Structure formats: C-alpha cells, structure tokens
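See structure below.
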Amino acid sequence: MIPSIPQPKSFRGLYGAYVLLFFVYLIAPLVVVGVFAFNDSMFPSLPWGGFTLDWFFNDTEPRLGLFHDGRLLDSIWTSFYIACWVTILSVSVGTSNAFLFERKTFPLKNVLYMLMLLPLVVPGVILGISILVFSSTIANWLDVNFGVDIGFLRPSKFLVILGQFSFITTITTLIIAARLRKFDTQLEEAAQSLGASKLVAIRTVTIPYLKPAIVGSAIVAFLMSFENFNTTLMLVGSDQPLTIAMYGRLREGSTPELNALSLLLMAVSGTLALLSVFVQRDKE
Amino acid sequence: MNTQTASRLGLILLLAPLLVWLTALLILPHVDMLLISLRERVAPQVYERSFANYTEFFIEPLYWRTFARTAIMSISATAITLLIAFPVSYYIAKMLRGRSKSFLFLLCLVPFWVSELVRTFGWMILLRESGVVSNVLQWAGLVDGPVEMLYNDAAIMVGLVYTSMLFMVVPLVSILDSLDDSLVEAGYDLGGNGFTVMRTIIIPHAMPGIVSGCIVVFMLTLGNYLTPILLGGKSSMWFTAQIYTQFITRFNWELGAAFGFLLLALSTIIVWTGLKLSRQTLSETMG
C-alpha cells in the first residue's frame, strides 16, 4: 500500500475519494459559517435571501451589524485584554521554565516536570472550578478574619487570566524548551570566553536564538486564550469575554451577525496561524 | 560572587515562578476542591466531614448514568476518530510526496486554528431543520419534508469527532512518516498481502502515535462542554454540564467538587490503563 506496490486502479480511486470526502467534512462547517455571513435574511439558514453586507455594517436594530454592536465589541475588547495578560505571563514563566528544565539539575526534577505536564490532562472545566473554589476560600477567609472583601478573587477578569494562565504556561514551556534543547551551548561558552558575563551571553546569544519559539508560543498563547471557553466559563464575572458572549447568543438563536463575527475571527486567527508558521520556519 | 553561588541564585530565580505557578494554581486549588468535596453542610455555615457527596452520586441514577454515558460516548468518539483518521493519515504520510503532502497536512490543521464555537456553529447551520443538509436531502428527493438532525447523539458524535480530528491526525502522520517504505516492500516480497502487512508491520510501528492520539482525543472529549450542549441540546446529558449545573445554577459546590474529582479519576484511570496496555509513559506521549 505504498506507491511502489502496484494496486488495482479501483482501490486507488476509492481511497482517493475517501480522502477527498474527509476534506469536505473538514471544510464544510467553516465554509457555511462564512457564506451565511452574507445572507440577506434574519436567520443563518436557508433559503438564501440574497447577498448583503448588513451583518457587518448596518447600524440599526433588528439588523444590527457587527461593527455597530456595542456589546459584542466590548466583549472583543475584554477578550483582547485578557489574552494580552495571559500571553505576557505565560511566555515569561514559560521561558523561565524552559531554562530551568533544560539547563539545571535539581532534586525532584522529574516530579516537577510531571506536575508541569498535568494541566494537559486535567479537563479545562475542572481547572476552572478548582481555581474558583480556592480563590473563594481565600476571599472568605480574608472576609471573616479581617473584614476585607477582595472583589477580584470573586469571578472576574482577574480569575479568568489566572485560570487560562494555569494551563497555557505548559504549552509555552514545551514550545520554548523544545527549541532551547537544540541550542548549541558552545555558542554561549564562546561568548563568555570572549568576555561576556553569563547574563550578557544569554541575552545576546541565547535569547535571539530562542526568538522564533518565543514569538511562536506568544501567538499560540494569545489564540488559546482568546478562544478558550471551558475554563473561562467557570471563572467569568460581569465582563463577558467574546466566547462567553457568543455562546449566550448561540443558545438564544442568532442572526447572521454571528456569522460575520465568526468570519472575522477565522480571518484573524488564520492570519496569526500563518504568521506563527512563518516565524518558526524562517529562522530554522 | 563566585560561580557556584551565582548558579544557585540562578536556580532559585528560575525555580520560583514554577513553584508559585504549580502551588498556587494547580496543587492548592485541587487540594481545596478535594476538601470541599469531602464535607457536608449540616446547617448554614456549619460543615462536617463526610462522604455524603460521593454516596449521593451513586444513589441518584441521573448522576451515574450521565457519568457512564459520558465515558462511553467519549470512548466511542475516540474509536471513531481513530478509524476515520488512520486511512487519511496513511494517505498523507505514505501515498503523497512533496508539496501536495505538506499542503494536505496543513489543511488538516486549519480547523484547529478556528475557535471551537465557530466550528460548532458551522455544524448547527448544517444540521438544523432549516439547515443545509436538510435542504440538500429535500432537493435530492430523498426526504419529503424538513428533517431535524440536531439534538441527538449522532449530532454530538459528529461534532466531537470533528473537533478531535486534528489531535489524531498529527501524531499519526508523524509516526507513519517515520516508517521506512522498504519495510512495507519487504513485507510484500515475503509474500504478505495488504492485510497482513497492515497488521504485522504498519500498525505495530504506528502504535505510539495511535496511543498518544487516542489519549489526547479521549481527554478532550471527556472534558468537552460546548459541543455536547450546543449540538445535543437539553438531552445531551454530559457530565461537565452536570458539574456546571451544580456549581453555577444550584450553587451546590460540595457536590460539584465531588463530581469534578470523579471526572478526574475516570480520565486518570482510563489514560493510565491505555498507557500500561501499550507500555508507554506520560512524558513520552505528551512531551
């Protein structure tokens, strides 16, 4: 079953058709979401009512377009704010972790490495509730013993950032560590024998080498945060991030405005994805 | 400052963020959740240690049925994903060369970059009563009136398999890619047919990829929330939804925490069994 082994023509045809069908299955939902963004009808379903750009630009109810919908735009902003913080935090801690696991030896290293991988196997919903439970325990304790009420320990943007950070850091650590492993430490030693201190050597030699992985992991972290739903759902406060706001509208039954939003999201994440592939490939 | 103290200082500085992260966001929250799952409210603000939440799970049929159903559906979704993905991965890894190979592989990754909400929304548009599939079937004359294909188990399955596909295809393609063609040729030269070559050469070689794909897919499916709720509607009966209900709607955190641990235990047991059966370790599979 490799090209050098002769196979009956019918088998090849059938196999090719199966693979084709698979890709239709893969692409179909994305295509319909995009196409119905331009449907001139109140619902994102057939019959086709003609082509319109209302779902992007119209400024009056009931056919409110995406770019005039204040509530949705606010939620995009909330998601953006959260994603920026999560990216900064998880890339910083991820870089530190990568150096720790690739360069240092210390007791319990393997145990800590296993613990570090744990967020990959814990369902997002459970990460969310465990952080919710723990932060309320702290908040209640502070309230009872000191009479202070710390608002951000209740469901809020702050908790969403912590919740997403708790598992995205594992991903950034793995991406950055993989590249650091390939780094030739002799380069750093050369810099040091030329008179650079260890820190200067790392800053001027190692970090530039890691840059593709750092940028790549930042893009992945941003997208994962922006698109996260499970963990966010449990920790969300009054400011709804985009995924939560979209979910609410999906359950209510929606106008094609959601298709317009989805199309925009696909365009943005597609661009970022291409960018991350490009960044990581170019320098290798 | 001599090098040894500098290196110690460096170790401490690098260890600090890791320890803060693991302790404050993973270990303590889970310990706290375990403690809460082991207490029972006897009066307002008064709690007692007890296993009441866990016993309630086994007594109330709705809870354990939802639990069992989620487990069985997740295992089936994993198996179906594997069956669909294997031939495709094999085609990409072994039948194609050069540009068309990397193009098709990248095409497999596309849905992953799109938010799960958008993907599920796409399936809702396809499957709903006034949706695309229903209209195509009517147009083709296969059915008389509109058919509702959402809100049943098949719809949930389609969505789950779709969402998981990438996590199966990627490890399978990379492992099949590493299989030397001459081994397959040798198998045929020694008189094997397609079936025996598949069974004795290709599948044993691909086993590590199959295991890691299955584990990731199973865990993602088990912990999924969006797809079962949106495609299955009220009848979806998914365990994560039950956890959400206890926590957010009923405000019964004790029971919700117990459910969380049961889900965690289930996924640990099944993943552990899978690893043992295939003689692999978690860090090999994940890292």
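Lettering of chains follows the sequences in order, A, B, ..., and the numbering in each one begins at 1. Since this is a predicted model, take the numbers as computed values, not measurements.
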- prompt: Checking A/Y15 side chain against B/P87 main chain: does a donor-acceptor pair fall under 3.5 Å?
  reply: yes
message: If I measure from the heavy atoms of chain A, does B/L117 come under 4.5 Å with its side chain, its backbone, both, or neither?
response: both
- prompt: ring-ring contact (aromatic ring centres under 6.0 Å, His included) between A/F134 and B/W253: does it pass, once the steps are laid out?
  reply: CA-CA 12 Å; A/F134 185 51; B/W253 286 22; over 10 Å; no
- prompt: Contact part of A/L112 toward chain B, heavy-atom cut-off under 4.5 Å: side chain, backbone, both or neither?
  reply: both
field: Approximate separation, where rounding is to 0.5 Å, of A/M266 CE and B/S115 OG
entry: 10.0 Å
- request: Kindly indicate, with the supporting measurements, whether the criterion side-chain contact (heavy atoms from CB on, under 4.5 Å) is fulfilled by A/N228 and B/E116.
  value: CA-CA 9 Å; A/N228 181 267; B/E116 192 184 350; over 6 Å; no
- request: Evaluate side-chain contact (heavy atoms from CB on, under 4.5 Å) for A/K104 paired with B/L15, printing each intermediate quantity in order.
  value: CA-CA 10 Å; A/K104 301 282 183 188; B/L15 211 47; over 6 Å; no
field: Taking every non-hydrogen atom, the tightest pair across A/P123 and B/G223
entry: CB-CA, 3.8 Å
- request: Determine whether more than 12 heavy atoms belonging to other residues, nucleotides or ligands lie under 6.0 Å from atom OH of A/Y25.
  value: yes
message: Could you measure the distance from the CG atom of A/N230 to the OH atom of B/Y225? Nearest 0.5 Å is fine.
response: 9.0 Å
field: Minimum-distance pair of heavy atoms, taken over all atoms of A/L250 and B/L230
entry: CD1-CD1, 3.7 Å
- prompt: Heavy-atom distance under 4.5 Å to chain A: side chain of B/I84, backbone, both or neither?
  reply: both
- prompt: Which region of A/Y247, side chain (C-beta onward) or backbone (N, CA, C, O), has a non-hydrogen atom less than 4.5 Å from a non-hydrogen atom of chain B, or is it both or neither?
  reply: both
- prompt: Is it the side chain or the backbone of A/F165 that comes within 4.5 Å of chain B heavy atoms, both, or neither?
  reply: both
- line: In terms of heavy-atom contacts, A/L26 and B/M165 come closest through CD1-CG, 4.4 Å
Non-hydrogen atoms of A/I129 and B/G260 that approach each other most closely: CD1-CA, 4.3 Å
query: Given a strict heavy-atom distance threshold of 4.5 Å, which part of A/L115 is in contact with chain B: side chain, backbone, both, or neither?
result: both
CG-OG1 distance between B/L26 and A/T169, expressed to the nearest 0.5 angstrom: 9.0 Å
Which portion of A/L89 sits near chain B, non-hydrogen atoms under 4.5 angstrom: neither
field: Contacting moiety of B/Y162, where chain A heavy atoms sit under 4.5 Å
entry: both
message: Could you check whether any side-chain N or O of B/D32 sits under 3.5 Å from a backbone N or O of A/S130, counting only pairs where one atom can act as donor and the other as acceptor?
response: no
task: Taking all non-hydrogen atoms of both residues into account, name the closest pair between A/I126 and B/L264 and its distance.
output: CD1-N, 4.0 Å
field: chain A contact via B/L35 - side chain, backbone, both or neither, heavy atoms under 4.5 Å
entry: neither
field: Interface moiety of B/L104 toward chain A, non-hydrogen atoms closer than 4.5 Å
entry: both
- line: One should read off an interatomic distance between B/L28 CG and A/I138 CD1, to the nearest 0.5 angstrom, of 8.0 Å
- prompt: Which atoms of B/L107 come close to chain A, meaning under 4.5 Å heavy atom to heavy atom: side chain ones, backbone ones, both, or neither?
  reply: both
- prompt: In Å and rounded to the nearest 0.5 Å, what is the CG to CE distance from B/L18 to A/M116?
  reply: 7.5 Å
statement: Okay, B/A24 and chain A: the region with an atom under 4.5 Å from a heavy atom over there is backbone
message: Please report the interatomic distance CZ(A/F99) to CG(B/L11), rounded to the nearest 0.5 Å.
response: 14.0 Å
query: Quick one: what part of B/L127 sits under 4.5 Å from any heavy atom of chain A, side chain, backbone, both or neither?
result: neither
- prompt: Closest approach of B/F121 and A/V33, non-hydrogen atoms and distance?
  reply: C-CG2, 4.1 Å
- request: Let me know if A/L258 has heavy atoms under 4.5 Å from chain B in its side chain, its backbone, both or neither.
  value: both
message: Need one label for A/S135: side chain, backbone, both or neither, based on atoms under 4.5 Å from any heavy atom in chain B.
response: neither
- prompt: Side chain, backbone, both or neither: which part of B/V20 has an atom under 4.5 Å from a heavy atom of chain A?
  reply: neither
